[in-house]
Amino acid sequence: QLQLVESGGGLVQPGGSLTLSCAASGFTVDEYSISWFRQAPGKEREGVACISVGDMRIYADSVKGRFTISRDNVKNTVYLRLNSLKPDDTAVYYCARDRLPRAPGCTIALRNVGKWGQGTQVTVSP
């Protein structure tokens with residue numbers, strides 16, 4: 001069964017760190033670009049980062065230098081490391097798989113998503 005399961009969210013103080021996990025089943029993460037999106041209350045879902053099958057990484061300007069996306073093919077899991085967290089990073093974070101396998105690169109675009117996870121809440125507050 002095709003599935004993405006996020007975990008690792010929680011409450012953290014400003015300046016703190018978290019590592020989000022996206023465990024995949026029903027496919028292998030080394031054959032698809034995987035992206036992270038987030039959605040804050042009252043706002044549209046926005047792209048955060050993506051990693052391609054060739055390990056190309058793209059980040060939104062708002063998280064560049066603070067967040068890192070990575071992949072563990074043995075564990076079939078994609079991670080998002082969140083450092084120097086700010087209150088504006090508060091959102092539900094979703095991982096997503098591209099619609100098509102083995103794309104040459106990745107883009108953080110809603111139109112490319114073929115499968116969503118259920119999301120994990122990240123709250124940054126004193």
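Below, each value reflects all heavy atoms present in this structure, side chains not excepted, and no hydrogens, waters or symmetry copies.
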Do D72 and T77 meet the criterion of a side-chain donor-acceptor pair at a distance under 3.5 Å? no
Would you mind reporting whether W36 and C50 have side-chain heavy atoms less than 4.5 Å apart? no
For E6 and L20, indicate whether the former's side chain and the latter's backbone hold a donor-acceptor pair under 3.5 Å. no
Which pairs with one or both residues in residues 98-107 pass salt bridge (charged side-chain N to carboxylate O under 4.0 Å, His left out), sequence neighbours excluded? E31-R102
R57 side-chain N/O to I69 backbone N/O, donor-acceptor pair under 3.5 Å: yes
Side chains of T28 and N73: closer than 4.5 Å at any heavy-atom pair? no
Evaluation steps, side chain to side chain contact (heavy atoms under 4.5 Å, CB included), between L11 and Q121: CA-CA 8 Å; L11 174 64; Q121 175 71 47; over 6 Å; no
Can you find a pair of side-chain heavy atoms, one from Q39 and one from E46, that are under 4.5 Å apart? no
With no hydrogens and no angle check, is any side-chain donor or acceptor of S125 less than 3.5 Å from a backbone partner on T123? no
Enter the distance from S70:OG to D55:CG here, rounded to the nearest 0.5 Å. 9.5 Å
Check D61 with K64, please: is the shortest side-chain N to carboxylate O separation under 4.0 Å? yes
What's the shortest heavy-atom distance between S33 and A103, and which atoms? OG-CB, 4.4 Å
Keeping D89 on the side-chain end and K86 on the backbone end, is there a donor-acceptor pair under 3.5 Å? yes
Can you find a side-chain donor-acceptor pair between R81 and T19 that sits under 3.5 Å? yes
So, the side chain of S21 versus the backbone of G8: is there a donor-acceptor pair under 3.5 Å, distance only? no
Please report the closest heavy-atom contact between V78 and R71, naming both atoms and the distance. CG2-CG, 4.0 Å
Taking the six-membered ring for Trp, is the centroid-to-centroid distance between W116 and F37 below 6.0 Å? yes
So, the side chain of T120 versus the backbone of G9: is there a donor-acceptor pair under 3.5 Å, distance only? yes
Using only heavy-atom distances, determine whether the side chains of N112 and T107 contain a donor-acceptor pair under 3.5 Å. yes
Closest non-hydrogen atom pair between I58 and C106, with its separation: CD1-O, 2.9 Å
Look at the aromatic rings of Y32 and F27 and report parallel, tilted or perpendicular, splitting at 30° and 60°. perpendicular
Is any side-chain heavy atom of P126 closer than 4.5 Å to one of Q13? no
Donor-acceptor contact present, side-chain T90 to main-chain V124, <3.5 Å: yes
Measuring from atom CG of L18 to atom CG of L80, what distance do you get when rounded to the nearest 0.5 angstrom? 10.0 Å
Going hydrophobic residue to hydrophobic residue with side-chain gaps under 4.5 angstrom, can you get from I34 over to L2? yes
Side chain to side chain contact (heavy atoms under 4.5 Å, CB included) for L85 and F67? Distances and angles first, verdict last. CA-CA 9 Å; L85 281 162; F67 292 7; 4.0 Å; yes
Of all heavy-atom pairs linking R97 and L4, the shortest is N-CD1, 3.7 Å
So, do Q118 and C95 sit near enough that their side-chain heavy atoms are less than 4.5 Å apart? no
In the single-linkage hydrophobic clustering (I, L, V, M, F, W, Y; side-chain heavy atoms under 4.5 Å), do V122 and Y59 co-cluster? yes
Please walk me through it: do I108 and V48 pass side chain to side chain contact (heavy atoms under 4.5 Å, CB included)? CA-CA 7 Å; I108 319 168; V48 174; 5.7 Å; no
Find out if a path of hydrophobic residues (ILVMFWY) with successive side-chain heavy-atom gaps under 4.5 Å connects V5 to L82. no
Within 45° cone of Y94 ring axis and under 6.0 Å: R45 NZ or CZ: yes
